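Below you'll find the structure, written out as structure tokens, and then a few comments.
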Amino acid sequence: MYKGSLTTIEDLSNGQVEDILDLAQEIDGNRDAFHGLASRHLMASLFLEPSTRTRGSFEAAMKRLGGDTVTVADPKSSSMEKGESLADTIRVWSGYSDLIVLRHPWEGAARLAAQYSDVPVINAGDGSHEHPTQTLLDLYTLRKELGTLTGRKIVLCGDLLNGRTIHSLIYALLRFSADIIYAPGEGLELPDHVLHKIEAEYNRPLQRVRHPGLEALYGGDTDESGAEVDAIYMTPSQPHSLTLIDSIQMEIEIDKEESFAFYVTRKQVEREGTAGDGPGKRYPRMDAKVLKETGFSKAVIMHPLPRVDELSPAIDSDPRSKYFEQARNGVPVRMALIALMLGLKPWKHGPEGGGQARGELPVPKTRGIVWLNQNCISRIEPLNATAEFTFFDRPGERFVCCYCERETFPAFYAYPYGEVYHPIEERPSRPMDPSRGTFFFDEASARASNFRPSKKMADGVQGNV
Amino acid sequence: MYKGSLTTIEDLSNGQVEDILDLAQEIDGNRDAFHGLASRHLMASLFLEPSTRTRGSFEAAMKRLGGDTVTVADPKSSSMEKGESLADTIRVWSGYSDLIVLRHPWEGAARLAAQYSDVPVINAGDGSHEHPTQTLLDLYTLRKELGTLTGRKIVLCGDLLNGRTIHSLIYALLRFSADIIYAPGEGLELPDHVLHKIEAEYNRPLQRVRHPGLEALYGGDTDESGAEVDAIYMTPSQPHSLTLIDSIQMEIEIDKEESFAFYVTRKQVEREGTAGDGPGKRYPRMDAKVLKETGFSKAVIMHPLPRVDELSPAIDSDPRSKYFEQARNGVPVRMALIALMLGLKPWKHGPEGGGQARGELPVPKTRGIVWLNQNCISRIEPLNATAEFTFFDRPGERFVCCYCERETFPAFYAYPYGEVYHPIEERPSRPMDPSRGTFFFDEASARASNFRPSKKMADGVQGNV
Amino acid sequence: MYKGSLTTIEDLSNGQVEDILDLAQEIDGNRDAFHGLASRHLMASLFLEPSTRTRGSFEAAMKRLGGDTVTVADPKSSSMEKGESLADTIRVWSGYSDLIVLRHPWEGAARLAAQYSDVPVINAGDGSHEHPTQTLLDLYTLRKELGTLTGRKIVLCGDLLNGRTIHSLIYALLRFSADIIYAPGEGLELPDHVLHKIEAEYNRPLQRVRHPGLEALYGGDTDESGAEVDAIYMTPSQPHSLTLIDSIQMEIEIDKEESFAFYVTRKQVEREGTAGDGPGKRYPRMDAKVLKETGFSKAVIMHPLPRVDELSPAIDSDPRSKYFEQARNGVPVRMALIALMLGLKPWKHGPEGGGQARGELPVPKTRGIVWLNQNCISRIEPLNATAEFTFFDRPGERFVCCYCERETFPAFYAYPYGEVYHPIEERPSRPMDPSRGTFFFDEASARASNFRPSKKMADGVQGNV
């Protein structure tokens, strides 16, 4: 884990995830046997953005273990109102407690906290970035209901653009070889940075497929739209028999014995990033009609809650509805996580394998990077956040922030020791050296740094005159 | 109790109330002996409406028992801000905890919560509806100070219209055969629904009586108003010697040896329901002058607190002032209640006797009922609340909501299998069948349902032309 | 202590302060050995003004001792919103808990609370008045880092006008014979009431001295201002060799082996009392440049946190920076204080010596005092606060409020049994009797009380005509 903390689900190896799920299962079977395990331990529960549900689950977990908590639930009463930095807040609270659980509106806040804390930090949600314990309880519920994750089909429904629970879940499902089907709301498709990361790090191509049952999610109004429901299907490591050609729609073969899990999400209207004029009208909704579709007789219905209207209360008592169990699973899963992170139970697996070993990636301190994410902690506390970016050249040249994990795309590049900058797509074929070359986002800043345009560019400019 | 929960004082039989008071008394005598009783138990303290005092008392009680709590004290940080229903909130929190204590602004919220919770729910106040633990601590204090409740005179002073503590207390005092004297503020008299309930369920007629000492409560400005203070006196089961004729004022015979208890309340200005232009100026105030009146030498002064100016601080140190003891009694009483509800101590009495066996009343799913209480949970969450009404035909035809217990009065009735509706007071003498007939609140909705007016009505209309 | 409570650092004798620091040191060395000490004890954590840091530290302390807390952290949800007095709030909560920790916006609130509480009260900050536990942890940190307080030079930097932590600290440092150097921001010098108290009660004259190193605190812009940095230096009981003449600037002899401690504070912009048009630009700032000055190689840098920009993050990792340790010291110090106040550990020293024995001062109930501090609890709750003032005639006639400890200056005086009032500076040379004479703040109120001006005044008036 990053400095002993859990800032993203990728801080955990696959083995560590299994350790957590296994211990959670053991706790679930005999909770009282674990009371007293965390006696004398104090958890700081810092919810600098409102979230009663997640906070309640964490505090219940700590207290079920016999530990105690000190809570900050009202951001307005925080020292940050007096102008304090997150780094200072964390340094002080890490002197008060043995473990910090942090919810924060800024992306990458948990990673910054882990840098400055003397005690482990658990990310309980950092803006639109990550929410790894939600992912753990989702995985726990899926494994419990489906028996395994490998090869299972998980249909992700709703707001795939802003839902951090969805992004964390996708990466985790890929690591455990599940199949993913996307059923986004209109205008709420997966963002590019997630697609890039999937392609770059998990090597799983997108496919365009078709599943008739999924149409019911969108109200099944075939007559009005004339269009069938599309889904994007991820092949597992073993190449699938479906076509790879994007524009051709293919039927998913419905194996009636197979379990589908539907992971339904609400529109994240409170998040910045939702299109200004709001998502389109076409939004998937789970109800009794969907559950009647062929192939869904063994379906598992999940939802991170709270729901609005995308999940019909009429199916609450349907045995396939598992969303309340899912919420309750948060307590044993968080008990397991706390027990392992505090060293009260031993890890059985090491940190290697499956998780992204982020510390080992090349992390150049690249000059000239312009950082556009207003909500990234590295922009809000530049003095405390070490602005580190990981460079990727596939599928396109880009930097990924180590805090918010968003991408930024430079437009120009200058080779080391050179005085000339090139448009990044038209640069000479020499290999780029991201740690020593310089990147620019516009020509003005390149010129301000005493670089001059490449001859090709200069010619182009002349030609334009 | 309703589903093992305490939503109203009437969920408890008289014997169960005595169990709680007896155990509270035992705890009061040796509190530390009960520490550890609730070890490993977790209470969700959900205060979705501000109330530090009640919350503090509940949490102190749980912690005095060695249990722990998870608290939501800020409604703004609640998931309900994301549009979540109370039913969903409760289902999730009942997965986190062993007991839910709920304060909520909507009337009937605790009953809805009890429906959806897997663990016991205690109503810590649901809007203007009920606040049963306040009643329990009031009873405990009265019994402790007066020795018994039977035949004791309790003077209820102040806002009898909106004070939920008062309504709960009245029903409980009637069950334990106390006498009640009303000393309301001007325009803040008992509401009709309480009077109806008293008459229908407790069979205790109202009487108009006079007590000279009570005049001092209103400032004793005999000269200005020329009127003496009126009070309404409830005879116990044994008919009293006072006249039953309403318009005649009679003197209460002052037994100087008898203990009076004054239960003083403040104006509930924060509650909807207070008359728009505010209560009148005539408002009872307890002060040293009142205490000097003949007959009050053994008086007991109580107040649910907080007070504003209706209870003079000048009598705080008077030995008859018991309001701070009353507040403190909240802790042992709630400790006893929690211990009994969690099964950590056995009930000695069963659920029969004294309490209203609400589940056994006819609860028709009546068609056509228009529901006017904007604050009732059954109106706010119609999908989750099973809209059940109990029909009463005495003292007038009306329905009582099983959630908020408010009344609604239909204007028209149609017999089963008929096509005709009648004004409810002028209907034929055949018996009504509330579970199968249809009720209407106006003629337009009757006609919209394809009913037609009775011949008598039609004639009347013609006659009007 | 005042009624067993800690309302100001002066409630403690020097020996008691040492008891607290000694026990804190013991706890710091082996914290787990003290777990369980406060088992079964409940602390009410009433933060009626936001302060997450102080609250977190107190609650962590109580829970580290194995006790528990009930928290009110949101003033808006308080019963006080319903118009409740602080006295009532405290009486109720003292029935719920074994100890009350109170943060309150009004000055003197902790003293009022101690009056009405049945359990000990700890002042966690009452407006601009006092914050004694901050002082205790400051003393603990200073003693730990400097070895002793006696004769050590403490440089107080920044907002000396509004910083309550500063005022408490000054009184305590004087009692333990430290030297104090003032380095205030422009317009944020020590207020008169603190200077008066120092002179009247500690008998330590002010001196004007000069220390070249301190100039760096102000940016060292010698060229612009042309002025060197001034400091005010307090001689210890032993007369110092420096000149006592105020207008002459003298060099502080820099002993390079001596430890300086810098206590840096931020502008208290959230406090009323800051000059309306804001403090001036000249504000001391601690950074790497200051630390390089001659004589500061062994400096200790402290700050009560949160900081804004007066303490450079660039020195966070400098071994002389102790502000994060200082914050952490809050936990063992508060553990020690709680253990001693709850009687879980014995005091080794008595209440005599060093602290101000406030109860023994003459406290007349003086007639005619006009009280101008809008934030004093004695003005906000006049019925509950016993308006007591201590009269001082040195350095000028004034009354000091026993709640907020602010001064008020009467303009006129009438001798007992007389009918004449005099301007207080021009009164006859007979001794004043503050407990029996009458004071007036203007002539109108003197005349309204049927006093007439002295002959000298009357003549003056005539002369003016």
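Here the structure is a predicted model, which is why all the values come from computation and not from measurement. Chain A is the first sequence line, chain B the second, and so forth, proteins listed ahead of strands; every chain is numbered from 1.
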### Query
Between Leu305(B) and Val92(C), does a side-chain contact (heavy atoms from CB on, under 4.5 Å) hold up when you go through it step by step?
CA-CA 9 Å; Leu305(B) 300 178; Val92(C) 170; 3.6 Å; yes
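Contact of Ser94(C) with chain B is made through backbone and side chain together, with heavy-atom distances under 4.5 Å. For Asp316(B), the part lying under 4.5 angstrom from a heavy atom of chain C is the side chain only.
To the nearest 0.5 angstrom, Met62(B) atom CE is 11.0 Å from Asp68(C) atom CG. Atom CD of Glu84(C) is separated from atom OG1 of Thr52(B) by 7.5 Å, given to the nearest 0.5 angstrom.
Every residue meeting the salt bridge (charged side-chain N to carboxylate O under 4.0 Å, His left out) condition with Arg285(B), not counting sequence neighbours, appears here in chain and number order: Asp287(B).
In plain terms, the two heavy atoms of Val70(C) and Lys63(B) that are nearest each other are CG2-CD, 4.3 Å.
Ranked by heavy-atom pairs shorter than 4.5 Å toward chain B, the options Thr69(C), Asn384(C), Leu46(C), Leu42(C) are led by Leu42(C). Interface check for chain C: of the options Ala314(B), Ala61(B), Ser57(B), Pro313(B), the most heavy-atom pairs under 4.5 Å are formed by Ser57(B).
Looking at Arg64(B) and Tyr96(C), their side chains never come closer than 4.5 Å, going by heavy atoms from C-beta outward.
Taking 4.5 Å as the heavy-atom cut-off, the residues of residues 326-338 of chain B that approach chain C are Ala327(B), Arg328(B), Val331(B), ordered by number. Residues of residues 318-325 of chain B lying within less than 4.5 angstrom of chain C, judged on heavy atoms, are Phe324(B) in numerical order.
Annotation: side chain to side chain donor-acceptor pair (under 3.5 Å) contacts involving residues 36-48 of chain B, sequence neighbours excluded, comprise Ser45(B)-Glu59(B).
The existence of a salt bridge linking Asp98(C) and Arg31(B) is confirmed by a sub-4.0 Å separation between a basic side-chain nitrogen and an acidic carboxylate oxygen.
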